[in-house]
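Below is one structure, written out as structure tokens; the observations come after it.
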2 protein chains.
Amino acid sequence: MEADTPRIEEYLESIYKLQQVQHPVTTSRLAEHLKLSPPSVSEMMKKLYGKGLVNQIGKGVCLTEEGNSIAKKVIRRHRLSERLLTDILGYGWDEVHDEACKLEHAISPEMEARIEESLGNPETCPHGYPIPDKDGVIKKENLRPLSELKASEKATIVSVFEEDPKMLQYLSSLGMLPRATISVEEVAPFGGPLIVCVSGSRYALGREVASKIKVR
Amino acid sequence: MEADTPRIEEYLESIYKLQQVQHPVTTSRLAEHLKLSPPSVSEMMKKLYGKGLVNQIGKGVCLTEEGNSIAKKVIRRHRLSERLLTDILGYGWDEVHDEACKLEHAISPEMEARIEESLGNPETCPHGYPIPDKDGVIKKENLRPLSELKASEKATIVSVFEEDPKMLQYLSSLGMLPRATISVEEVAPFGGPLIVCVSGSRYALGREVASKIKVR
DNA sequence: ACAATTAGTTAGGTAATCCGAAACATTTAT
DNA sequence: ATAAATGTTTCGGATTACCTAACTAATTGT
Ligand SMILES: [Mn+2]
Ligand SMILES: [Mn+2]
Ligand SMILES: [Mn+2]
Ligand SMILES: [Mn+2]
């Protein structure tokens, strides 16, 4: 209906992302994620509500059908941009998030289609997340966080939920990339770290980090 | 010094482009090119003057040293974007201008360098214009407009100064692309059309169009 | 229960861009 | 010399998207 601005796209994208973790998304988490003041977010939430893009659930907010649909379009462009950056321009997976976050607002539907085709219809972004198809359909798979594996379990890394370049660099330096095979050697009790084995080497991983790594 | 917004970049880019044709650039031509109202342009010119990016020459305006330098950076990103679109994503030269005009504001210095490298350090955009190097240096060549050739002269097309997709489509359908060899068969008097020969076929070309085609 | 902390909203502002209407200025054509 | 056309700027107004300070509501520790 309405013309969505890049900023609205950016808010919807963030809400979508935060929803994966914590359902009704709060003002403060959004403000934190977008690096804006709470009042700015509060104000924008009212606008999004007025446009029918979010519903107010208690104190928080969640995407409506339409908000979700727009968010998925933005995410499609984001993930295709990331792939363009890694596959064609030679970026590392730790360097693409911020660039893609700007690019995604400068990509026309035509360009979106061409990127997809030129890349050979990739299924996921460099972090293992599925790229929504042009109708917004996402292949969802039931994945477990690495942090829930028991000792001696083996699995394949599917995705890494992380935007921080330093963390991504660290993980790839350990070989913990999508498709890598990982096995859990030990699980320390009381929320302690996991001892995991990746391509022959053993590492200790905090639960926090491990929970962001999804495996199959 | 100051943070230049995408809009300022866009104005400087337009001024640069219009300067090639008509030296002190007037409010109305700028408004026309940018598709904005004259008051908007008038206001922005005051701001650019305040920032030391343009000088006021009589009724019009022209870029200062600094304004020129910024414009060239924008144009570098624009032309690199165009090449990315044609060489990697398979766009036609008639489809890239508007896309590049958005992309150019979403490209970091890092990405700029990577595009250049991935494309094999291209010298020109798809329309034959030189891509400024990272220090803003442009290889300038002394070119003649096709409209000034005399009958029976032969030349090579270097660049086509045109943004209109329809016109570009038309020209490429005649094979009038950069690097094509063209010969002038006849020049009608009193500003009439030229009869030219490109790859074996003869066409009549208006002076207006011919003046936008630069040859060597 | 009550003060301290945390979270969210209201109020009031600012900066960047754009617009239309109207006032000026400058040309150009009677 | 005048009137008409053309181009430019001034003015007032709108929109979007931020912010800080202050206030309110909800939670939490003692
Ligand atoms: Mn983004
Ligand atoms: Mn990703
Ligand atoms: Mn542009
Ligand atoms: Mn070009």
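Not measured: the values here are computed from a predicted model.
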Are OP1 or OP2 of [N] and a side-chain N or O of [X] less than 4.0 angstrom apart?
{"X": "A:Thr27", "N": "C:dT9", "value": "yes"}
{"X": "A:Arg29", "N": "C:dA7", "value": "no"}
{"X": "A:Lys46", "N": "C:dT10", "value": "yes"}
{"X": "B:Ser40", "N": "C:dC18", "value": "no"}

May I ask you to decide whether [X] forms a salt bridge with [Y], counting only side-chain N to carboxylate O separations under 4.0 Å?
{"X": "B:Arg114", "Y": "A:Glu95", "result": "yes"}
{"X": "B:Arg76", "Y": "B:Glu116", "result": "yes"}
{"X": "B:Glu66", "Y": "B:Lys51", "result": "no"}

In this structure, how many angstroms lie between the [atom2] atom of [N] and the [atom1] atom of [X], rounded?
{"X": "B:Glu43", "N": "C:dG20", "atom1": "CD", "atom2": "C1'", "answer": "13 Å"}
{"X": "B:Glu9", "N": "C:dA16", "atom1": "CD", "atom2": "P", "answer": "15 Å"}
{"X": "A:Glu32", "N": "C:dG8", "atom1": "CD", "atom2": "P", "answer": "11 Å"}
{"X": "B:Met44", "N": "C:dC18", "atom1": "CE", "atom2": "C1'", "answer": "10 Å"}

Task: salt bridge (charged side-chain N to carboxylate O under 4.0 Å, His left out) partner of B:Lys17, the single match among B:Glu10, B:Glu162, B:Glu163 - done: B:Glu163

Open item on the list: Base, sugar-phosphate or nothing for B:Ser28? Non-hydrogen atoms, less than 4.0 Å.
Closed with: sugar-phosphate

Open item on the list: My understanding is that only residues two or more places apart in sequence, or in another chain, count here; which of them pass ring pair (Phe, Tyr, Trp, His ring centres under 6.0 Å) with A:His33?
Closed with: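 Per chain and number, A:His33 pairs via ring pair (Phe, Tyr, Trp, His ring centres under 6.0 Å) with no residue.
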
Open item on the list: Ignoring hydrogens and geometry beyond distance, is a side-chain donor-acceptor pair present between A:Glu99 and A:Tyr91 at under 3.5 Å?
Closed with: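 Looking only at side-chain atoms, A:Tyr91 and A:Glu99 do form a donor-acceptor pair, the distance falling under 3.5 Å.
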
Open item on the list: Does either side chain, that of B:His127 or that of B:Glu82, offer a donor lying less than 3.5 Å from an acceptor on the other one?
Closed with: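 A pair is found: one side chain offers a donor N or O, the other an acceptor, under 3.5 Å apart.
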
- [ ] Apply the test side chain to side chain donor-acceptor pair (under 3.5 Å) to residues A:Gln19 and A:His23: give CA-CA distance (whole Å), side-chain angles for both, the deciding distance (0.1 Å), then the verdict.
- [x] CA-CA 5 Å; A:Gln19 269 190 359; A:His23 195 63; 4.7 Å; no

Identify all pairs in which a protein N or O lies below 3.5 Å from an N or O of nucleotides 21-27 of chain C, and state each distance.
none

Task: Residue whose closest nucleotide on DNA chain C lies nearer the 5' end, B:Pro6 versus A:Gly60 - done: A:Gly60

TODO: At the 4.0 Å heavy-atom cut-off to chain A, mark where contacts on DNA chain D begin and end, going 5' to 3'.
DONE: D:dT16 to D:dA21

- [ ] Applying side-chain hydrogen bond (donor to acceptor under 3.5 Å, both in side chains) between B:Glu104 and each of B:His78, B:Arg79, B:Arg77, report the one that passes.
- [x]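 Only one option passes, and that is B:His78.
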
